[in-house]
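Heavy atoms only: backbone and side chains are in, while hydrogens, waters and symmetry mates are out.
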Amino acid sequence: MKTHFKKIAALAVTLIMIISLSACGSKSENDADTLVYGSHDYTAINPALYEHGEINSLIFAGLTAHDKDNKLVPALAEKWEYDAATHTWKFHLRDGLKFHDGKDLTSEDVKFTLEAILDKKNNSEIVSNYQDIENITCPDKKTVVIKLSKENVAFADYMTIGILPKHLLKGKKLATAEFNQKPVGAGPYKLTSWDEGQSITLEKFDGYYAGKPHIKKIIFKIVEDSDARLLQLKSGDLDMAQIEPKQAKSLKKDSKDFDIYRMNTADYRAIAYNYAGSKLFKTYPELANILSYGIDREAIIKSALLGEGQVAYSPIQKNKFNSSDIEKFAYNPDKMEQLLQQDGWTKNKKGIYEKNGTELKFTITAMANDKVRVDMAKLCAEQLKAHGISVKAEARKELDWEKQDATIIGWGSPFDADDHTYKIFTSEAGDNYTGYANPAVDEALAKARATTKEPERQRYYSEFLRAMTKQMPYTFIAYIDADYAVKKDIKGITKDTMLGHHGVGIFWNVADWKLEK
């Protein structure tokens with residue numbers, strides 16, 4: 001009887017959740033020119049501060065952009081030149097550029113955006129990409145000149161950053177400005193309303209430099225729970241959403257209204273060890289290499305991803321500068337135990353490896369709202385526990401980078417190899433959350449970003465990878481495919497475009513999309 005009542009209570013909670021989620025941000029039957037997208041939640045939208053955000057590419061535009069093949073193309077800047085002798089970039093803006101509020105977008109806005117990123121008070125997540133900037137000048141309203149202290153071959157790629165309006169932000173504290181909840185950019189869509197925790201409504205911007213978008217309105221409906229997202233797709237409350245492999249198979253079986261796009265990504269998952277805050281890994285950093293042999297990646301891909309992924313061994317595995325002839329730490333638990341024993345670990349009476357009175361015991365965390373990461377944490381813990389390592393998995397609403405032992409992390413970029421390497425793995429980088437420090441890695445990545453010659457870059461990235469495998473930052477697990485459920489009337493998505501971290505990138509050409517009824 002108790003079990004019966006528990007099931008009824010659980011069903012009631014689910015129904016309440018679905019009803020509450022459906023009540024806001026839905027597309028009415030009369031509004032046929034609206035696309036409703038199932039999104040994660042936002043607290044602030046500002047590309048100069050926060051990297052993660054699919055919505056940035058709709059609201060903002062940069063001087064440069066990437067096409068369907070992730071190649072660099074002009075955007076707000078119609079052309080640019082580079083003087084290698086002085087490390088100077090000169091960007092020429094298009095005529096007639098406007099922000100969503102009708103004000104002109106000029107070179108001064110570009111200068112303001114870059115200086116905001118570099119301002120230490122703003123704690124920008126992407127500052128490492130721009131740290132070589134030495135000076136910015138604006139000879140006129142259409143020209144911005146950026147002098148670097150040294151070569152940064154990926155700099156034009158980093159100018160895809162959305163440009164901020166100086167006239168709305170000058171003199172204000174960027175991190176706390178009202179702008180972050182009422183952003184104004186120059187992208188294809190402008191924000192018209194934000195119902196906190198429920199939906200963000202965007203309407204097309206007719207002054208967009210690349211032409212008027214076709215779809216009138218796009219609603220980012222906040223649906224954090226993946227099961228609720230699936231139910232709302234089936235009910236018609238959502239037109240499009242990124243879903244998990246299990247949900248994709250269910251939707252494909254139950255509905256004929258959607259296409260499932262299984263898209264290739266440069267997005268990997270890994271166990272990140274906390275070398276700065278965990279006493280275990282700070283004392284024994286060699287454990288990262290040793291434990292990497294104890295992870296059965298194929299089994300994890302089969303179970304957590306239903307086969308929708310590839311074994312990972314490198315952070316630039318999908319990039320042309322990758323080297324495949326490095327140590328891949330293929331699954332070999334016997335080797336892991338041998339290496340532990342060689343390192344001085346012995347099993348105690350409980351069957352747990354121990355060294356100098358310290359048990360080999362730690363926790364792998366994962367964000368609770370990411371079921372794939374939670375599944376991966378559990379599977380990794382089970383695999384290691386089978387071989388004398390006391391590991392538990394925990395799903396958490398928030399991660400404490402300073403105190404946790406290890407976590408399932410995600411990174412990866414489909415763009416220049418400097419992206420999601422330099423700012424993550426160099427010792428003082430802004431996104432090096434784990435305190436990883438490897439002088440040979442620092443040197444190789446610095447050299448790789450300081451030359452335009454591809455044979456040299458290939459050599460330096462090979463050096464980076466070899467140095468990394470001698471002192472691993474992570475245990476790489478898998479590159480994950482991205483499943484997008486898309487109503488059949490949505491046309492224009494480029495299915496073969498390689499997406500980035502969190503499957504971001506599908507909206508790269510959203511202005512060209514159409515709703516064909």
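Annotation: salt bridge (Lys or Arg N to Asp or Glu O under 4.0 Å) contacts involving residues 82-92, sequence neighbours excluded, are absent. Sorted by first and then second residue, the pairs that involve residues 432-459 and meet salt bridge (Lys or Arg N to Asp or Glu O under 4.0 Å), not counting sequence neighbours, are D132-R449, K320-E454, D416-R457, D418-R449, E443-K447. Pairs passing the salt bridge (Lys or Arg N to Asp or Glu O under 4.0 Å) check and including a residue from residues 461-481, sequence neighbours excluded, read R262-D481.
Not counting sequence neighbours, the partners of N289 by the side chain to side chain contact (heavy atoms under 4.5 Å, CB included) test are F329, M472. Looking at residues two or more places apart in sequence or on another chain, you find a salt bridge (Lys or Arg N to Asp or Glu O under 4.0 Å) between E178 and K182. In this structure, the salt bridge (Lys or Arg N to Asp or Glu O under 4.0 Å) partners of K147, at least two apart in sequence or on a different chain, are E134.
Under a 3.5 Å cut-off, the side chain of N509 and the backbone N or O of D512 do not form any donor-acceptor pair.
Classification of E51 and K423 as a salt-bridged pair holds, one side-chain N sitting under 4.0 Å from a carboxylate O. With respect to K142 and D95, a salt bridge is recorded, a charged nitrogen being found less than 4.0 Å from a carboxylate O.
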List the steps and the verdict of side-chain hydrogen bond (donor to acceptor under 3.5 Å, both in side chains) for E151 and Y82.
CA-CA 10 Å; E151 184 82 60; Y82 177 63; 2.9 Å; yes

Criterion ring pair (Phe, Tyr, Trp, His ring centres under 6.0 Å) on F220 and Y37, from CA distance to verdict:
CA-CA 5 Å; F220 273 56; Y37 175 70; 5.0 Å; yes

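Aromatic ring centres of Y479 and Y268 lie closer together than 6.0 Å.
For T64 and W80, the side-chain atoms include no donor-acceptor pair closer than 3.5 Å. A donor atom on one side chain and an acceptor atom on the other are found under 3.5 Å apart for H167 and D101.
In this pair, F179 and F60 present their aromatic rings tilted. The plane angle is within the 30 to 60° band. In this structure, F281 and Y275 have perpendicular ring planes: the angle between them is above 60°, well past the 30° mark. Using a 30° and 60° split on the angle between ring planes, H420 and H501 fall in the perpendicular class, above 60°.
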